[in-house]
Every structure is written in structure tokens, then in C-alpha cells.
Amino acid sequence: MTLWRFLRAFSQKMTKPQVVFVLGAPGAGKGTQCANIVQDFNFVHLSAGDLLREERNRPGSEFGEMIENCIAQGTIVPVEVTCSLLERAMQESGKSKFLIDGFPRNEDNLTGWERQMHDKADVRLVLSFDCSEEVCTRRCLDRGAAGSGRIDDNAESLKKRFDTFYNSTMPIIQHYEKLNLLRKIDGDKAPDEVFQEVKTILMKESLC
Ligand code: UDP
Ligand code: MG
């Protein structure tokens, strides 16, 4: 092997997976915009909520009931469970650029991620979709009425999900703002307009 090939192989091995966290209130548009990004760019979309719903539905899962309760109550699953699901999905994808949607949602998620992943992945950016509670609530209730099948797309669960967002997730968003990793996006607008903003940000950061 030439020195050049050796160095290239070495640097590829040493390049950690690149992560973009995607945060925002329930219904702020995280899932929609992640799907748009995946369509145009080489990212893998991992929704923490979807991974938890999958684990909940897995026959024999020891966490199924606990996850079900957390989702219905709008509270947050212990990070050991969520982070392990994320890490496994990252490994199984065999890819290196990830959009992690709906995580980290609280202090426990943040410290757990740092403990488990800080030398295994680089958090490059945090996208935060800003959207009024009124618009978000309407979107989730419409999504529920249209048959999302989600047990938490109802007025009662939504109220709790918003409380969790304001009390637990906002401090995480502020944490990333201090680290200058946060990019805020106006999520009240139509999906296409929001996506233009998303693209501009990713391009500026050389992520796409
Ligand atoms: N959830 C969690 N930890 C996570 C992500 C989600 O505990 O890291 C739970 C939490 O109860 C949340 C629910 O899953 O209210 C639904 O999350 P999802 O991201 O699907 O909701 P969204 O924000 O997209 O509406
Ligand atoms: Mg979602």
C-alpha cells in the first residue's frame, strides 16, 4: 500500500459520523423538512420518536410499556434507551451523515448523548424550527384527524408535549445557541419556503 493510500484509509477511518440535530415543538415541521433534506442530499434521517415507536411495537421489548406511557404523557424516555436505538441505527445504516430528529430533548438526553457518543460522532449543527403553538397544535390535530395513528396527536397529550418542550427542550436549544451551533428557522411558513431556508443554511455550513 502506498503511503497516500494508507493515509486516505486512515483518515476515512478517523472521520467521525457527522450529526445534525433537528429540534422544534411538536408539529413544527421537523419530520417534513428532514424528508425534504434526505430527498435532495446524502443524509440519513433518524427520528428518535419513530425509533421509540418501533421499539415499543417490537414483540418482547422490555421497554414497550414504559415507552408507551412516556409517549402518551408527553414525557421523555430515559436516554439510555433512546441513545442506544440511535447508535444502533447509525451503525446499521453504514452511512456517515445523519439528521437526528427530535433529540436531545432534555438535560438527561444531552448528558447521556455526550457520555455515550462524544468520541463516536461530531455534532455539526442544530436546526431549530420556530413555530407558534397555535400553528403547531393545528397541524398535530389535523394530522391526528387525518389518521396519523399516533396516540399523542390529541389535545390533552399535546398540552403536555408543549409543556415538556418549553420546560425541558428550550434549555437544550439555548445550550447549543451558546456553542454557536444553533440555526433558527421560521417554521410557520409553507413547507417549500421553509426548505429554501434549510438549504441555504446547510450549504453555508458545507453540509450539502
Ligand atoms: N420521545 C422521547 N425521547 C426522544 C424523542 C421522543 O421520549 O428523544 C417521546 C416523547 O414522549 C415524545 C414522543 O416520543 O413526546 C413523540 O416524539 P416525536 O419526535 O415523534 O414527536 P414530534 O416532536 O415529531 O411531534
Ligand atoms: Mg416527528
Side-chain angles (χ1 to χ4, degrees), residues 19-38 44-58 61 63-90 98-117 121 123 126-146 148-173 175-176 185 187 191 194 198:
V19 167
V20 174
F21 285 140
V22 181
L23 298 175
K30 303 180 292 290
T32 304
Q33 294 304 328
C34 285
N36 284 341
I37 297 169
V38 166
V44 175
H45 173 206
L46 299 177
S47 155
D50 286 350
L51 289 169
L52 288 168
R53 282 183 282 273
E54 230 173 77
E55 175 64 21
R56 174 195 62 185
N57 295 341
R58 190 173 62 80
S61 166
F63 305 117
E65 208 178 306
M66 180 270 290
I67 293 172
E68 172 87 2
N69 285 334
C70 287
I71 290 179
Q73 296 302 317
T75 57
I76 295 168
V77 172
V79 68
E80 289 73 17
V81 175
T82 316
C83 202
S84 302
L85 293 171
L86 286 168
E87 185 178 4
R88 194 172 64 202
M90 287 169 73
F98 300 93
L99 296 165
I100 298 191
D101 158 6
F103 179 95
R105 272 174 137 91
N106 66 0
E107 191 70 37
D108 172 62
N109 279 182
L110 179 62
T111 51
W113 168 272
E114 282 172 352
R115 196 167 52 234
Q116 189 169 335
M117 300 300 289
V123 177
V126 179
L127 301 179
S128 165
F129 291 97
D130 285 341
C131 190
S132 69
E133 182 167 342
E134 209 186 331
V135 171
C136 287
T137 304
R138 177 64 21 236
R139 288 178 185 168
C140 290
L141 291 178
D142 287 350
R143 181 167 81 181
S148 70
R150 283 181 51 163
I151 55 167
D152 58 348
D153 280 341
N154 60 73
E156 200 187 320
S157 290
L158 267 168
K159 221 195 127 336
K160 295 173 186 161
R161 288 161 71 193
F162 272 106
D163 283 348
T164 302
F165 176 72
Y166 294 130
N167 296 326
S168 305
T169 312
M170 279 311 283
I172 306 306
I173 291 176
H175 163 80
Y176 283 116
I185 296 155
V194 179
V198 170

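We count residues from 1, following the sequence as given. Just follow the structure's listing: the first ligand is 1, and inside any ligand the first atom is 1.
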Under 4.0 Å to a heavy atom of Arg161 - the qualifying atoms of ligand 1, by number
15 (O), 21 (O), 22 (P), 25 (O)

Tell me the protein heavy atom at minimum distance from atom 14 (O) of ligand 1, and give that distance in Å.
Ile71 CG1, 3.6 Å

Ligand 1 versus Asn109, non-hydrogen atoms closer than 4.0 Å: side chain, backbone, both, neither?
side chain

Test item, Ser47 contacting ligand 1 (heavy atom, 4.0 angstrom):
no

From the options Val123, Leu99, Ile37, Val126, select the one residue that forms a side chain to side chain contact (heavy atoms under 4.5 Å, CB included) with Val20.
Leu99

When rounded to the nearest 0.5 angstrom, what is the spacing between CG in Asp108 and CD in Glu80?
6.0 Å

Check whether any N or O atom of Lys30, backbone or side chain, sits under 3.5 Å from an N or O atom of ligand 1, and answer yes or no.
yes

Which atoms of ligand 1 sit under 4.0 Å from any heavy atom of Phe103?
8 (O)

If you take all heavy atoms of Gly102 and Ala48, which pair is closest and at what distance?
O-CB, 3.9 Å

Do Val79 and Arg115 come within less than 4.5 Å of each other through their side chains, counting heavy atoms only?
yes

Heavy atoms only: give me the nearest Asp153-Ser148 pair and the separation to one decimal.
OD2-OG, 2.8 Å

So which of Arg53, Arg56, Arg150 actually passes salt bridge (Lys or Arg N to Asp or Glu O under 4.0 Å) with Glu68?
Arg56

Could you tell me, atom by atom, which parts of ligand 1 come under 4.0 Å of a heavy atom of Arg53?
16 (C), 20 (O)

At what distance is the nearest protein heavy atom to atom 3 (N) of ligand 1, and which residue and atom is it?
Leu52 CD1, 3.5 Å

Is any side-chain heavy atom of Leu110 closer than 4.5 Å to a side-chain heavy atom of Tyr176?
yes

Contact with ligand 1 for Arg143, non-hydrogen, under 4.0 angstrom
yes

Non-hydrogen atom of Arg150 closer than 4.0 Å to ligand 1:
yes

Flag yes if more than 12 heavy atoms outside Glu114 fall under 6.0 Å of its CD atom; otherwise flag no.
yes

Quick test: of every protein heavy atom, which one is nearest to atom 6 (C) of ligand 1, and how far off is it to 0.1 Å?
Arg105 NH1, 3.4 Å

Nearest protein heavy atom to atom 11 (O) of ligand 1, by residue and atom, and its distance?
Thr75 O, 2.6 Å

Considering the heavy atoms of Pro26, write down every atom of ligand 1 situated less than 4.0 Å from one of them.
23 (O), 25 (O)

State the atoms of ligand 1, each with its element, that fall below the 4.0 Å cut-off from a heavy-atom position in Thr82.
8 (O)

Could you tell me whether ligand 1 has any atom less than 4.0 Å away from a heavy atom of Lys160?
no

Shortest non-hydrogen pair, Gly74 vs Thr164, comes out as O-OG1, 2.7 Å

Less than 4.0 angstrom from a charged side-chain N to a carboxylate O is my criterion; do Asp163 and Lys160 meet it?
no

Could Glu133 and Lys159 be called an ion pair, given the rule that one side-chain N must be under 4.0 Å from one carboxylate O?
no

Taking 4.0 angstrom as the limit and counting only heavy atoms of Cys70, give me the atoms of ligand 1 inside it, by number and element.
11 (O)

Per-atom contacts, ligand 1 versus Val77 - under 4.0 Å to a heavy atom
2 (C), 7 (O)

Subset of ligand 1 atoms that lie under 4.0 Å from at least one heavy atom of Gly102:
4 (C), 5 (C), 8 (O)

